[in-house]
Amino acid sequence: MRKLAILSTDHLEDFFVYDELLVPYFNERGWSVETISWHSQSEKWDRFDYVIVRSTWDYQQHPKAFMKCLDQIIL
């Protein structure tokens with residue numbers, strides 16, 4: 001099964017995030033989908049086939065940390 005990460009952020013409990021609407025469509029096509037915060041320091045990004053950048057709403061408050069996360073994803 002192919003694996004997809006949806007890159008998001010923390011503390012979205014009070015928001016309606018449209019990202020989750022994508023999950024059933026990917027699942028129907030044989031994809032395993034996980035929503036992961038870009039703040040995660042321990043994620044092993046190489047276990048995913050693809051990463052979709054979606055609701056990373058606070059990236060501008062931490063630009064260096066966000067760029068570091070993106071670097072880890074593409075390496």
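- Using a distance-only test at 3.5 Å, with no hydrogens or angles considered, a donor-acceptor pair links the side chain of R2 to the main chain of R29.
- Residue S55 holds its OG atom at 12.0 Å from CG of D10, rounded to the nearest 0.5 Å.
- At a threshold of 4.5 Å between side-chain heavy atoms, the hydrophobic network of Ile, Leu, Val, Met, Phe, Trp and Tyr places I36 and F66 in one connected group.
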- [ ] Determine, step by step, whether L7 and I73 satisfy the side chain to side chain contact (heavy atoms under 4.5 Å, CB included) criterion, reporting the C-alpha distance in whole Å, the side-chain angles of both residues, the deciding distance to 0.1 Å, and the verdict.
- [x] CA-CA 10 Å; L7 194 63; I73 291 170; 4.0 Å; yes

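- When atom types are taken as modelled, the side chain of D49 and the backbone of K3 share a donor-acceptor pair closer than 3.5 angstrom.
- Between the side chains of D58 and W38, at least one donor N or O sits under 3.5 Å from an acceptor N or O.
- With hydrophobic clusters built from ILVMFWY side chains whose heavy atoms lie under 4.5 angstrom apart, I52 does not share a cluster with F48.
- Partners of Y25 by ring-ring contact (aromatic ring centres under 6.0 Å, His included), not counting sequence neighbours: none found.
- Hydrophobic clustering (ILVMFWY, side-chain heavy atoms < 4.5 Å, transitive): L70 and V51 are in one cluster.
- Scanning all heavy atoms of the two residues, the minimum distance from M1 to G30 falls at CG-O, 3.1 Å.
- Taking the six-membered ring where tryptophan is involved, the planes of F16 and Y18 are perpendicular, since the angle between them exceeds 60° and thus also 30°.
- By the 4.0 Å N-to-carboxylate-O rule, R47 lies close enough to E34 to be salt-bridged with it.
- Here the OH-CD1 distance, from Y50 to I6, works out to 15.0 Å after rounding to the nearest 0.5 Å.
- Two residues are said to be in side-chain contact when any heavy atoms from C-beta on lie closer than 4.5 Å; Y59 and T9 fail this criterion.
- The aromatic rings of H62 and H39 sit perpendicular to each other, their planes meeting at more than 60°, with 30° as the lower class boundary.
- Closest approach of T35 to S8, counting heavy atoms only: CG2-CB, 3.7 Å.
- Using bins of under 30°, 30° to 60° and over 60° for the plane-to-plane angle, the ring pair F26/W31 lands in the perpendicular bin.
- Taking CG of L22 as the reference point, atom CG of L4 lies at 8.5 Å (rounded to 0.5 Å).
- Atom CG of D46 is separated from atom CD1 of I74 by 13.5 Å, given to the nearest 0.5 angstrom.
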